[in-house]
Amino acid sequence: MENRIPLSFYTRDALEVAPDLLGKTLCRRTGEGTVQRYTISETEAYCGEEDRACHASRGMTPRTSVMYEKGGMLYMYLIYGMYWMMNIVTAQAGHPQAVLVRGLKEVNGPGRLTRALRLERSFNRESLIDSPRIWLEENRAPVRFTTHPRIGIDYAGEYWRDVEWRFVLHENSLSS
DNA sequence: GTAACGATCCTC
DNA sequence: AGGATCGTTACA
């Protein structure tokens, strides 16, 4: 049954949403009504124009305009000409923040998980609030996690490179 | 126009 | 350690 996470979950700061996403169920409806369900296990927060690792650090461009929307949409982009990255836009409109979904319990790696779920360009600006093909569901179990520096953003400089805005779900954190 | 460069992954 | 592979961005 569907217990879809509401808009109010996504309109908070990325630094609150990113750890709260751990353990949530990512649901993908493919083809003839089949629904695949995965548990989110790793996320990273990207927080506004100040954050030198955030794509919005150089202001609004055609690509980053979706990050300036209010929370709840997907921000999809192609990296290295090969891999689609799945991001969840957060915060209020005008605050360009997003959370990169970096891993699932079932699939490790941001490029691998979008391949497994068949997520690509057409999901950019898709709304998790009312999309029939992708959404999130609550998971009542409590969550334990660790924090770490973000990956692949060494160019961002000392402070932003080292800040621990990556969140990893503990093994055995969920009872289900 | 043109060129440099990735929020990665796979195979040496 | 290096290559794949191409959209986005900045700059001329």
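Lettering follows sequence order; numbering is per chain, from 1.
Residue-level contact check: A:Gly111 touches the backbone only, with heavy atoms under 4.0 Å from sugar-phosphate atoms and none from bases. Using a 4.0 Å heavy-atom distance criterion, A:Leu100 is classed as a base contact. At the heavy-atom level, A:Arg166 lies nowhere under 4.0 Å from the strands shown. When heavy atoms are screened at a 4.0 angstrom cut-off, A:Met82 is found touching base atoms of the nucleic acid.
At the phosphate of C:dT8, OP1 or OP2 sits under 4.0 Å from a side-chain N or O atom of A:Arg121. Put simply, A:Arg112 has a side-chain N or O that comes within less than 4.0 Å of OP1 or OP2 on B:dC10.
Distance CH2 (A:Trp84) to C1' (C:dA4): 17 Å, rounded to an integer number of Å. Between A:Glu120 atom CD and C:dC6 atom P there is a gap of 15 Å when expressed in whole angstrom units. Taking atom OH of A:Tyr83 as the reference point, atom P of C:dG3 lies 15 Å away to the nearest angstrom. Note: CZ (A:Arg115) to P (B:dT8) measures 14 Å, nearest angstrom. Atom P of nucleotide B:dG6 and atom OH of A:Tyr77 are separated by 11 Å, given to the nearest angstrom. One can place CG of A:Leu119 at 19 Å from P of B:dA7, the figure rounded to the nearest angstrom. Rounded to whole angstrom, the span from the CD atom of A:Gln97 across to the P atom of B:dA7 amounts to 18 Å. Regarding A:Met76, its CE atom lies at a distance of 15 Å from the P atom of C:dG7, rounded to whole Å.
Aromatic rings of A:His55 and A:Tyr77 (six-membered ring for Trp) have centroids within the 6.0 Å cut-off, being under it.
With salt bridges taken as basic N to acidic carboxylate O contacts below 4.0 Å, one links A:Glu137 and A:Arg37.
Test A:Ile40, A:Val143, A:Thr146 against A:Leu169 for side-chain contact (heavy atoms from CB on, under 4.5 Å) and you get one pass: A:Val143.
Using a 3.5 Å distance cut-off with no hydrogens or angles, the side chains of A:Ser65 and A:Arg125 do pair a donor with an acceptor.
For the contact set between residues 42-64 of chain A and DNA chain C, defined by any heavy atom under 4.0 Å, the members are A:Arg58, A:Thr61, A:Pro62, A:Arg63.
Summarising the geometry of A:Ala53 relative to A:Arg150, their closest heavy-atom pair is CB-NH2, 3.7 Å, with the distance given to 0.1 Å. Nearest heavy atom pair, residue A:Asn139 against residue A:Lys24, reads N-CD, 4.3 Å.
A donor-acceptor pair under 3.5 Å is formed between the side chain of A:Thr61 and the backbone N or O of A:Thr64.
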- Message: Show me the dot-bracket string of DNA chain C, counting Watson-Crick or G-U pairs under 3.5 Å, with | for pairs to another strand and [ ] for crossing ones.
- Response: ||||.||||||.

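Heavy atoms from other residues, nucleotides or ligands lying under 6.0 Å from CZ of A:Arg4 number more than 12.
In this structure, CD1 in A:Ile5 is found 4.5 Å from CD in A:Glu138, a value given to the nearest 0.5 Å.
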